[in-house]
There are 2 protein chains.
Amino acid sequence: MTTTGTRVGSPTLDEVAQLAGVSRATVSRVVNDSPRVSPEARLAVQAAVEALRYVPNRMARSLVTRRTDTIALVLSESNTQVFSDPFFASIVRGLSARLADTDLNLVLLAARGEREQEKIGRYVRQGHVDGVILMSLHSDDLLPDILTGTRLPLVLSGRPLDGRPIAYVDADNTGGAAAATGLLLSLGRRRVATVTGPQDMVAGLDRFAGYRAAVERSGRPVDPALVAAGDFTEAGGMRAMTELLERAPDLDAVFVASDPMAVGAVQALRAAGRRVPDDVAVVGFDDAAVAAACDPPLTTVAQPLGEMTTLMVELLLDQIEHGERSVETRVCDTALVRRASA
Amino acid sequence: MTTTGTRVGSPTLDEVAQLAGVSRATVSRVVNDSPRVSPEARLAVQAAVEALRYVPNRMARSLVTRRTDTIALVLSESNTQVFSDPFFASIVRGLSARLADTDLNLVLLAARGEREQEKIGRYVRQGHVDGVILMSLHSDDLLPDILTGTRLPLVLSGRPLDGRPIAYVDADNTGGAAAATGLLLSLGRRRVATVTGPQDMVAGLDRFAGYRAAVERSGRPVDPALVAAGDFTEAGGMRAMTELLERAPDLDAVFVASDPMAVGAVQALRAAGRRVPDDVAVVGFDDAAVAAACDPPLTTVAQPLGEMTTLMVELLLDQIEHGERSVETRVCDTALVRRASA
DNA sequence: TCAGGTCGTGAGAGCGTTCTCACGACGGAC
DNA sequence: GTCCGTCGTGAGAACGCTCTCACGACCTGA
């Protein structure tokens, strides 16, 4: 281990300038790829930067540019489940892939509980980020309020529950659920049940609404005995399915509002001796990896995740560019993915 | 929607000072809870802060204090799995709970692939954070190199694969695995198999080492037919177990290196008509939520996650405090949790 | 009464950048 | 040869904050 002299702390623009024999301004120009620099000066500066292992201080830079080149993905979850949700993982992956080409950084902020949510609110208001993509899951969430209270560019992942005017990107959950349920009905199934998501989340609400719409469209009323609430987890799906089988042993199909839950439901069905799809047809939602791997491979509803993350970034960058909020919204079409379970 | 006049941008210290009729210095003192402020001045400032909805600009503050009050949890994963790993979720939860009492912020940085890892390296070197907790999973990971190249306080979650001198906190994976395997042997099982984790991760390596040690201590050699590699996922566990059953149909116990894998293994066993624990005893690792919920409830090895996250924070804050790296390490004891599967 | 504290306060110098200007050098057009 | 435009450059003022220092006002004890 050798250290370069007695210096402590990082080298500054000034030191680079001195070493290169130019002014601070010229170094700054080189560092920021300004064209108006002579080749000789550029070379000298680059050498000095290299020699000193100079890295610009972002704080100082941000102070004057009022840009941090960082955006935050905020997830306000009360429980831990969120991380294990494949949908969430896909969003993170998609966002970070979209941003890889740009010089924007992505940071994740997760909060459970009021204190942590307020802390996150403070963090973004203090100017750490240029914009926020918010995955707000539950209706009792403080973050939408906290964040709309700022003038910070903001895009929601998922329609806001209370319909307030904010930019958002969402999948057509209602349409997708209706299509899934419609498929089951068109297959001749008479007693189509559903395992819903939590009814304090938009995705849970909308997917249930889609189910209801499809059932009613077929001329039947929705039988409460055919509806059980899940929590988007595999265990929850298993529980709900077991419950359904007790309440309505004659059910012959089920639309499950998420793939992890559908996996649990299939297990419950199997444990109860029902064959899938022969006795009970199953359709899930999300087209998670687990859907294809499952036995039998799950028929499900796919969301265009790539398109959705791209749109989120696009909407957010637009706001950042123009320096003001927009209320543009995008709803993406879903697609039925036919496999073996229905 | 009403806006407060024609102002654009956030209010500054100066404006607060002007409104409160004091100097910038006094406002700063109030904002930072310095005791040497008269009650009247304090009140006036607080009112002004309230009125203007003043929030200090962190960039400006950091520029002078050289502190960001933010630490990063960096995870360099190549695959998406990480998020769904309950261990990871627990670490995040633990860290953010530990930091909730402090005024430190926690940001998550996730990187897949070389480009993104370098981007993260740049991010932390630019001075965005005061320290880093690194969950480096695989041996081909660039981040440990990138980060040790800086003078930034750094604590690893998990022993570094190459034994380099860095501060880290880890569970006694080897000891835990040996205890688990020992339990199976002490139960009179003769053919104890194992489903390992990836052998390019420390946890995978160490848990396999523990298995080997326990088997050898019992006076037997390790039978390669009794070893199958998993990837810490449920699907991987199922695959590996199926493979083991083909290779060694006479096995009567299995130590599975993670709970999600153990769940998969149990399913594979059941599919093959083996009863757990009568025909095959199973022990997992991690004491994830899924272990208790599983059927039968899984005997497993618990890591003291709370203690571990506390130690990580402690070690990191210590380095930040003293302004220099340390190479202190902490290895935490694991505990066997006896349930029904063995 | 005066020396020596303490206490609250404000002026002002930084922190490491960017960015606006102004300035000299040089080139081409007349 | 003069004039204008471009081009590379550097000086210096921000950006919003903290922190040192000095300065009065007040209190205490001799």
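FYI, side chains are in, hydrogens and waters are out, and symmetry mates aren't considered; it's all heavy atoms of this structure. Throughout, protein chains are lettered first and strands after them, A, B, ... in sequence-line order, and every chain is numbered starting at 1. What you see is a predicted model; the values in this text were computed from it and never measured.
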Rounding to the nearest 10°, end axes of the helix from C:dT1-D:dA30 to C:dC30-D:dG1 built from five pairs each make an angle of 40°
Give me, pair by pair, the N or O atoms of the protein and of nucleotides 19-23 of chain D that are less than 3.5 Å apart, along with how far apart they are.
none

A:Gln18 CD to D:dG10 C1', in whole Å, measures 15 Å
Value for CE (A:Met135) from OG (A:Ser76), rounded to nearest 0.5 Å, stands at 9.5 Å
In terms of side-chain heavy atoms, does B:Arg98 have a donor or acceptor partner in B:Thr310 at a distance below 3.5 Å? yes
When you check the side-chain N and O atoms of B:Arg61 and B:Asn32, is any donor under 3.5 Å from an acceptor? yes
Examine D:dG10: is either OP1 or OP2 under 4.0 Å from a nitrogen or oxygen in the side chain of A:Ser23? Give yes or no.
yes
ask   = Is there a side-chain polar atom (N or O) of A:Arg66 under 4.0 Å from OP1 or OP2 of D:dG16?
value = yes
What residues 35-47 of chain B contributes to the DNA chain C interface at heavy-atom separation below 4.0 Å is B:Arg36, B:Val37, B:Ser38, B:Ala41
**Message:** Check this for me: does any side-chain nitrogen of one of A:Arg58 and A:Asp69 sit under 4.0 Å from a carboxylate oxygen of the other?
**Reply:** yes
Could you check whether B:Arg115 pairs with A:Asp101 (Lys NZ or Arg NE/NH1/NH2 to Asp/Glu carboxylate O, under 4.0 Å)? yes
Check against side-chain contact (heavy atoms from CB on, under 4.5 Å), B:Asp130 and B:Thr70: CA-CA 6 Å; B:Asp130 292 340; B:Thr70 302; 5.8 Å; no
Residue pairs meeting ring-ring contact (aromatic ring centres under 6.0 Å, His included), one or both in residues 96-124 of chain A, sequence neighbours left out, come to A:Tyr123-A:His128
What residues 118-127 of chain B contributes to the DNA chain D interface at heavy-atom separation below 4.0 Å is none
Among D:dT9, C:dT18, D:dT18, the one nearest any side-chain atom of B:Arg61 is D:dT18
Which atom pairs, one a donor and one an acceptor, fall under 3.5 Å between side chains of residues 314-321 of chain B and the rest of the protein, sequence neighbours left out?
unit_1, atom_1, unit_2, atom_2, d
B:Gln319, OE1, B:Leu154, N, 3.0
B:Gln319, NE2, B:Leu154, O, 3.1

